[in-house]
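Beneath this line is the structure, given in structure tokens, with notes to follow.
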Amino acid sequence: MGHYVRSGYGGSNTATRRFGGTAQTAGSLGHVLYSTATGAADAPVDATALAGRSTEEIATAIIEAVRPVDGTQDAEAERASIHDAMSELLDEYPNADLLNLSADEREFVIEKFTAIDVARRFELDVGKHLLERAPTATVAMARLKQMRAYIAETIAASFRKLKAEGRTLTTGRVARVVQAALRDTFEVFEGSEE
């Protein structure tokens with residue numbers, strides 16, 4: 001990860017800027033989830049129209065509101081990351097209502113989205129190289145799994161650190177807090193040895 005950030009992105013500051021889309025999408029996700037849960041007039045998802053729909057239909061509506069299809073690889077990766085984050089939410093909180101998430105559930109989704117999106121970008125950037133360099137496909141997949149876990153834990157630690165400093169994922173601050181978590185994460189990666 002150190003080489004990836006230092007050489008691939010030219011350092012943690014550049015990596016943080018390059019992942020600005022992840023922070024912006026996290027901000028949009030936070031807005032959609034909060035405004036839907038509170039029934040805000042400007043909510044991009046109509047909870048009433050989705051009442052009684054399947055979890056998958058609701059998740060699709062949320063994803064569409066947060067990150068509409070635009071044909072770019074980034075959009076598709078972010079859409080998949082949002083979907084995966086909501087799936088993890090439902091694993092962790094089986095009774096969660098996607099149209100009325102609590103503050104803790106929204107924070108969980110945003111943190112998971114961030115970690116999954118960074119891992120997905122890592123895989124897009126260097127996954128092929130890892131596959132080619134590994135002695136077997138099984139070893140390559142184990143390495144990718146290990147990297148996903150490392151990324152998720154480092155990002156979780158960054159969010160915990162920011163929360164301890166009083167920087168929480170409140171409405172209107174999500175993108176800034178995610179940007180700070182990404183900066184902290186990339187600084188950790190940049191300082192790591194091979």
Side-chain angles (χ1 to χ4, degrees), residues 1-38 40 42-45 62-68 70 72-86 88-89 101-126 147-192:
M1 289 305 295
H3 178 73
Y4 175 68
V5 171
R6 283 188 303 271
S7 299
Y9 282 101
S12 59
N13 288 333
T14 303
T16 302
R17 280 193 306 276
R18 296 279 303 274
F19 278 80
T22 299
Q24 292 299 345
T25 299
S28 295
L29 178 59
H31 169 71
V32 168
L33 295 176
Y34 179 78
S35 64
T36 302
T38 60
D42 67 341
V45 173
I62 291 169
I63 293 166
E64 190 60 36
V66 173
R67 193 63 160 101
D70 68 8
T72 64
Q73 188 177 37
D74 285 349
E76 292 310 308
E78 288 176 350
R79 289 170 62 86
S81 297
I82 296 167
H83 185 275
D84 292 350
M86 286 192 287
E88 286 195 29
L89 169 79
L101 295 178
S102 69
D104 287 343
E105 292 166 341
R106 286 191 303 270
E107 287 178 14
F108 182 92
V109 170
I110 291 165
E111 180 185 314
K112 292 299 180 184
F113 160 74
T114 305
I116 292 166
D117 202 55
V118 170
R120 187 164 269 124
R121 181 84 57 95
F122 173 79
E123 289 178 43
L124 287 170
D125 289 346
V126 300
M147 291 311 301
R148 277 188 227 111
Y150 176 66
I151 289 167
E153 183 49 43
T154 306
I155 286 176
S158 294
F159 275 101
R160 286 191 303 271
K161 176 182 167 187
L162 290 168
K163 192 172 192 172
E165 294 170 358
R167 299 184 70 190
T168 57
L169 290 168
T170 56
T171 307
R173 296 183 51 190
V174 172
R176 287 190 305 254
V177 172
V178 170
Q179 189 84 13
L182 287 169
R183 180 175 296 107
D184 185 66
T185 298
F186 292 133
E187 287 172 358
V188 169
F189 291 166
E190 185 177 29
S192 67

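Being a predicted model, the structure only gives us computed values, none of them experimental.
In this structure, Q24 has no side chain to side chain donor-acceptor pair (under 3.5 Å) partners at least two apart in sequence or on a different chain. Applying the side chain to side chain donor-acceptor pair (under 3.5 Å) criterion to T38, with sequence neighbours excluded, gives no partner residue. For A119, the side chain to side chain contact (heavy atoms under 4.5 Å, CB included) test picks out R148, I151, with sequence neighbours left out. Every residue was checked against the salt bridge (charged side-chain N to carboxylate O under 4.0 Å, His left out) condition with E76, not counting sequence neighbours, and none meets it. For A157, the side chain to side chain contact (heavy atoms under 4.5 Å, CB included) partners are E153, R160, not counting sequence neighbours. When the side chain to side chain donor-acceptor pair (under 3.5 Å) test is applied to R79, the partners found at least two apart in sequence or on another chain are E64. Remark: A75 pairs with R67, D70, T72 by the side chain to side chain contact (heavy atoms under 4.5 Å, CB included) rule, at least two apart or across chains. With sequence neighbours excluded, no residue satisfies side chain to side chain donor-acceptor pair (under 3.5 Å) with S35.
For the pair R121 and F19, the distance from NZ or CZ to the six-membered ring centre is under 6.0 Å and the angle to the ring normal is within 45 degrees.
In this structure, CD1 on I62 lies 9.5 Å from CD1 on I82, to the nearest 0.5 angstrom. Between the OH atom in Y34 and the CZ atom in R106 there is a gap of 7.0 Å [rounded to 0.5 Å].
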Passes side chain to side chain donor-acceptor pair (under 3.5 Å), T25 versus E78? Steps please. CA-CA 8 Å; T25 299; E78 288 176 350; 2.7 Å; yes

Check the pair V118 / T154 against side-chain contact (heavy atoms from CB on, under 4.5 Å), numbers first and verdict last. CA-CA 11 Å; V118 170; T154 306; over 6 Å; no

Could you walk me through whether V126 and M147 pass side-chain contact (heavy atoms from CB on, under 4.5 Å), step by step? CA-CA 11 Å; V126 300; M147 291 311 301; over 6 Å; no

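The environment of CD in Q73 is sparse: at most 12 heavy-atom neighbours from other residues, nucleotides or ligands sit within 6.0 Å.
Closest heavy-atom contact between L124 and A77: CD1-CB, 4.3 Å. V5 and S12 get closest at one heavy-atom pair: CG1-N, 3.7 Å.
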Report all side-chain donor-acceptor pairs from residues 108-117 shorter than 3.5 Å, counting only partners two or more places apart or in another chain.
from: T114; atom 1: OG1; to: I110; atom 2: O; distance (Å): 2.8
from: D117; atom 1: OD1; to: S81; atom 2: OG; distance (Å): 3.0
from: D117; atom 1: OD2; to: T22; atom 2: OG1; distance (Å): 2.6

Considering only distance and modelled atom types, tabulate donor-acceptor pairs under 3.5 Å from the side chains of residues 176-186, sequence neighbours left out.
from: Q179; atom 1: NE2; to: T16; atom 2: O; distance (Å): 3.3
from: D184; atom 1: OD1; to: K161; atom 2: NZ; distance (Å): 2.8
from: D184; atom 1: OD2; to: S158; atom 2: OG; distance (Å): 2.6
from: T185; atom 1: OG1; to: S158; atom 2: OG; distance (Å): 3.0
from: T185; atom 1: OG1; to: A181; atom 2: O; distance (Å): 2.8

